[in-house]
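Quick note on labels: first sequence line is chain A, next is B, and so on, each numbered from 1.
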Amino acid sequence: MTGRELLENDSEIEYSSKVDKQGDTSDVVLAMEIDGELSDLATAITHDATIKFVNGSSVEGRSILRHSTAHVMAQAVRDIWPGAKYAIGPATEDGFYYDFELPGGAHFTDADLGRIEKRMREIIKEDQSFAREEYDLAEGAGLFSDQQYKLEIIQAVGENESVVATGDESAVVNGRNPVVSVYRNMGVHSDFIDLCRGPHVPSTGYLGNFKLLRVAGSYWRGDENRQQLQRIYGTAFESPDALDDYLKRLEEAEKRDHRRLGTELDLFHFPSEIGGGLPVFHPKGALIRTILEDFSRQVHLSSGYLPVWTPHVTKSTLYAKSGHLEWYSDSMYPPMEMEGAEYRMKPMNCPMHILVYSSRSRSYRELPMRLFELGTVYRFERSGVLHGLARVRGLTQDDAHIFCTPDQLPGELESLVGFVLEVLTTFGFDDFEAELSTRPEKFVGDISDWDLATDALASALSAAEIPYRVAEGEGAFYAPKIDIHLTDAIGRRWQVSTLQVDLQMPARFGLSYVGDDNEKHRPYMVHRALFGSVERFMALLIEHYAGAFPLWLSPVQVLVVPVSESHHDYSEEVLLRLKEAGLRSDIYLADEPLGARIRKGKLEKVPYILVVGGEDVDSRTVGVNRRGSSQPQRGVPLEDFVAEAVSVASERGGSEQDRPE
RNA sequence: GCCUGGGUAGCUCAGUGGUAGAGCAGCGCACUUGUAAUGCGCAGGCCGUGGGUUCAAUCCCCACCCCAGGCUCCA
């Protein structure tokens, strides 16, 4: 009996066949798990197994829908470009893609997406079944004799590479004799066969809520030395509503794009005269930046960090000693010759902080020593990876290096994780997740040091009670590390803070401290950045707040708008009082109708707009129009407003969103 | 670096082988406004840069630069 027959016969499971009129497969069974393994519904159940059905709205179901849609896309491309070679086409977190090589070196253009979609809809309408077949390697190779990428995959199966783990492209290794599985779609005009591990939906009629999104380049096996392929990205969902929601989220993300808001709110730009990845901050952007940096300095100084300051250029020999030159010179700016020595722009702060530490002998009494700097570094990022403020060539890290004794390490890490969370929580983030990266295959240092450091990191995470996952072997070659991720207002994850226990640098620089035994000992060294880079953190905040910064970060906190010219004197008085109270305030004198001036203030996302008119002059009040509220409050005593605003600002609260237009 | 798309006024964008367009922003004048767009006018352009084709190029061709989306990378 197959899963499908089981479904049809089981009176306890409602079997909705295929898709309803709306094309909704949320509650439709697409596949099943046999003893935990995803399989086609047509799979024969040959033993007493645990069966779980998978419907369209589950994570697995969506993934299967997307994978099958990718498959249909490949079929459509093959139909339109006979001779097209197809490589891999997995489902991804938000959709799917498929990589192709078109005959005669042809390339997709955006206009082709519509043609491909149209052909895909025809294939879906034909309701072609996905029929699974299995072959041994030689037979499989015969089926794909003109498909070099499929042949490579089949060969990899033969060589027992762990193909299954590399993606969804692939094939299966069944016991001793490797077998490849293929899926065949019989169409009205043509049939299509693809090497694929599966499972798939039973037939193309189960699909339909999809959209092709963009064309991109990609390399075969992700290797830039190999063939460049053409990738098409798309997404698919179980229902029109779910697809629509996703597309709306994309739109929302576009509206929040910090590059767009950076221009709209006049925060920064990237002059081509200066060069890619090198921003200039305009007054309002620089003000936000200054507030962030002041906040960072203040919390560090009050948490026992010592400020240091180091230069932006240095002799290359410093980075030869630290090892960076050997490992990372590709990411460093090229050298400059000066007076016979070779200099480089600073790519990392740590060697310089080490020089501060090693400037004289250190006692255990001085430890832990926490050296902090808003340190600007320059890294040569390839032009293709630059992305607004989130990826630049000159950035400022809120960087610190902690030198401590082995005994102090666990305690330092624990309080450090607490400190990180405290700082990030200030910005309204509350959904954190950490990743603990452990010793990679290639590493330096003693395994016992690695174990001690890794255990200390793990227990710091446990103490902080934040969820984390362990990334085995993902650590840097010189350090195990914790990365902290947060979720922003529209549910996107950002990696921000990093904590690393460096197991190489103290030895390279011969660091020591004198212990209470009067002997020299080697200190542990921890690298850590909370924001990561100030620039990138600003990008995150702009998108998180959609440009509507909380009061304490807003470049303009209060905008005073007189109703008419006769209220100018009182408005100026109000402005003066606001400034005296430390509120960043501006005034919008009348030369336009009141509504227009209020609208402009709203578009600039000013937290408070104070409208003052005749009534206010007499009673020393203001009309308070709060961002995010369409209900202005009339007749508020000026001093009451000042007290409220000063209090909200000092508590770093207030991050209401704008009313959407 | 590679693939795809793009670069026209400060911003968002339309457009054509024959003197360059809109909305918003800016400036001026009028309007004096109680909570999301007052009216009229003016100004604003090496149509990314360089070369080529052409009687004529912002438009077609070539090269380069920059931006975006990916691939790759991210100490």
**Request:** Using modelled atom types only, decide if a donor and an acceptor are shared between the side chain of A/Arg231 and the backbone of A/Tyr98 within a distance under 3.5 Å.
**Result:** no

- Task: Describe the nucleic acid contact of A/Arg231 in one word from base, sugar-phosphate, nothing, applying a heavy-atom distance below 4.0 Å.
- Result: sugar-phosphate

Looking only at B/A37, B/C71, B/G69, the nucleotide nearest the A/Arg599 side chain is B/A37

Sorted by chain and number, sequence neighbours left out, side-chain hydrogen bond (donor to acceptor under 3.5 Å, both in side chains) with A/Tyr378 holds for none

In whole angstroms, the gap separating P of B/A37 from CD1 of A/Ile598 amounts to 9 Å

- request: Taking atom C1' in both B/A75 and B/U58, compute the distance separating them and give it to the nearest angstrom.
  value: 46 Å

- Is a donor on one side and an acceptor on the other found under 3.5 Å between the side chain of A/Lys211 and the backbone of A/Gly234? no

Rounded to whole Å, CD1 of A/Ile609 lies from P of B/A37 at a distance of 12 Å

Between CG of A/Leu559 and C1' of B/A36 the distance, given in whole Å, is 13 Å

To the nearest angstrom, the CD-P distance between A/Glu615 and B/G34 comes to 11 Å

For the base of B/C74, is there a side-chain donor-acceptor partner from A/Arg391 under 3.5 Å away?
yes

With the side chain defined as heavy atoms from C-beta on, A/Met332 is closest, among B/G1, B/G69, B/A75, to B/A75

- Item | B/G21 versus B/C59 - spacing of their C1' atoms, nearest Å | 15 Å

Exercise. Any donor-acceptor pair under 3.5 Å linking the side chain of A/Gln230 with the backbone of A/Val215?
Worked result: no

Winner on side-chain proximity to A/Val611, out of B/A75, B/C73, B/U35, is B/U35

**Message:** Test your reading of the model: is there a side-chain donor-acceptor pair from A/Arg256 to the backbone of A/Glu543, 3.5 Å cut-off?
**Reply:** yes

Rounded to whole Å, CD of A/Gln495 lies from C1' of B/A75 at a distance of 12 Å

Notebook entry, point to check: Given the rule in the side chain to side chain donor-acceptor pair (under 3.5 Å) test, do A/Ser316 and A/Glu342 qualify, once you have shown the distances and angles that lead to the verdict?
Noted result: CA-CA 6 Å; A/Ser316 298; A/Glu342 192 183 284; 3.0 Å; yes

Note to self: Looking at B/C71, I'd like to know if its phosphate oxygens (OP1 or OP2) sit under 4.0 Å from a side-chain N or O belonging to A/Tyr233.
What the structure shows: yes

Short side-chain to backbone donor-acceptor contact, A/Ser554 and A/Phe549, under 3.5 Å:
yes

Q. Can you tell me if A/Ser533 uses its side chain to pair, donor with acceptor, with the backbone of A/Arg536 under 3.5 Å?
A. yes

From the candidates B/G70, B/A75, B/U38, the one with an atom nearest any side-chain atom of A/Ala596 is B/U38

> Is NZ or CZ of A/Arg119 both nearer than 6.0 Å to the six-membered ring centre of A/Trp81 and within 45° of the ring axis?
Replying inline: no

Exercise for the section: Look at the side-chain N and O atoms of A/Lys602 and state whether any lies under 4.0 Å from the OP1 or OP2 oxygen of B/A37. Expected result: no

Query raised in the report: Quantified in whole Å, what is the P atom distance between nucleotide B/C60 and nucleotide B/U16?
Result: 10 Å

Comparing A/Arg634 with A/Pro347, nearest RNA chain B nucleotide closer to 5' gives the residue A/Arg634

Give each protein N/O atom lying under 3.5 Å from an N/O atom of nucleotides 5-12 of chain B, with the pair distance.
none

Every stem of 3 or more Watson-Crick or G-U pairs under 3.5 Å that RNA chain B joins, in order of first number, is B:1-7 with B:65-71, B:10-13 with B:21-24, B:26-30 with B:38-42, B:48-52 with B:60-64

In whole angstroms, the gap separating P of B/C67 from CZ of A/Arg393 amounts to 8 Å

- Can you check whether A/Tyr608's main-chain N or O pairs, donor with acceptor, with A/Arg627's side chain at less than 3.5 Å? no

Expressed as a whole number of Å, how far does the C1' atom of B/A57 sit from that of B/A20?
14 Å

Q. Using atom C1' of each nucleotide, how far apart are B/U35 and B/C40 to the nearest Å?
A. 26 Å

Do any N or O atoms of the protein come closer than 3.5 Å to N or O atoms of nucleotides 28-33 of chain B, and which pairs are they?
| residue | atom | partner | partner atom | Å |
| --- | --- | --- | --- | --- |
| B/U32 | O2 | A/Glu565 | N | 3.3 |
| B/U32 | N3 | A/Glu565 | OE1 | 3.2 |
| B/U32 | O4 | A/Glu565 | OE1 | 3.4 |

From the candidates B/G1, B/A36, B/G69, the one with an atom nearest any side-chain atom of A/His387 is B/G69

Separation of B/A25 atom P from A/Tyr588 atom OH, nearest Å, is 8 Å

Of the candidates B/C73, B/G34, B/A75, the side chain of A/Met348 sits closest to B/A75

A/Glu604 CD to B/A37 C1', in whole Å, measures 14 Å

* B/G44 to B/G39 separation - P atoms, rounded to the nearest Å -> 24 Å

Checking side-chain polar atoms at under 3.5 Å, does A/Trp220 have a donor or acceptor matched by the opposite partner on A/Asp99? no

message = Please report the distance separating the C1' of B/G48 from the corresponding atom of B/A9, rounded so that it comes out in whole Å.
response = 15 Å

Of the listed B/G26, B/A75, B/U72, the closest approach to the A/Val385 side chain comes from B/U72

Salt bridge (charged side-chain N to carboxylate O under 4.0 Å, His left out) pairs touching residues 561-575 of chain A, sequence neighbours excluded, are A/Glu573-A/Arg620

TODO: Side-chain contact test, heavy atoms from C-beta onward, threshold under 4.5 Å: evaluate it for A/Tyr524 versus A/Leu413 and give yes or no.
DONE: no

### Task
Provide the distance between the two P atoms, one in B/U38 and one in B/G23, to the nearest whole Å.
16 Å

Per the under-4.0 Å heavy-atom filter, residues of residues 523-539 of chain A near RNA chain B come out as none

Applying salt bridge (charged side-chain N to carboxylate O under 4.0 Å, His left out), run through A/Glu381 and A/Arg391 and close with a yes or a no.
CA-CA 8 Å; A/Glu381 304 280 6; A/Arg391 196 71 186 269; 2.8 Å; yes

Counting only distance, no hydrogens or angles, is the base of B/G1 paired donor-acceptor with the side chain of A/Tyr219 under 3.5 Å?
-> yes

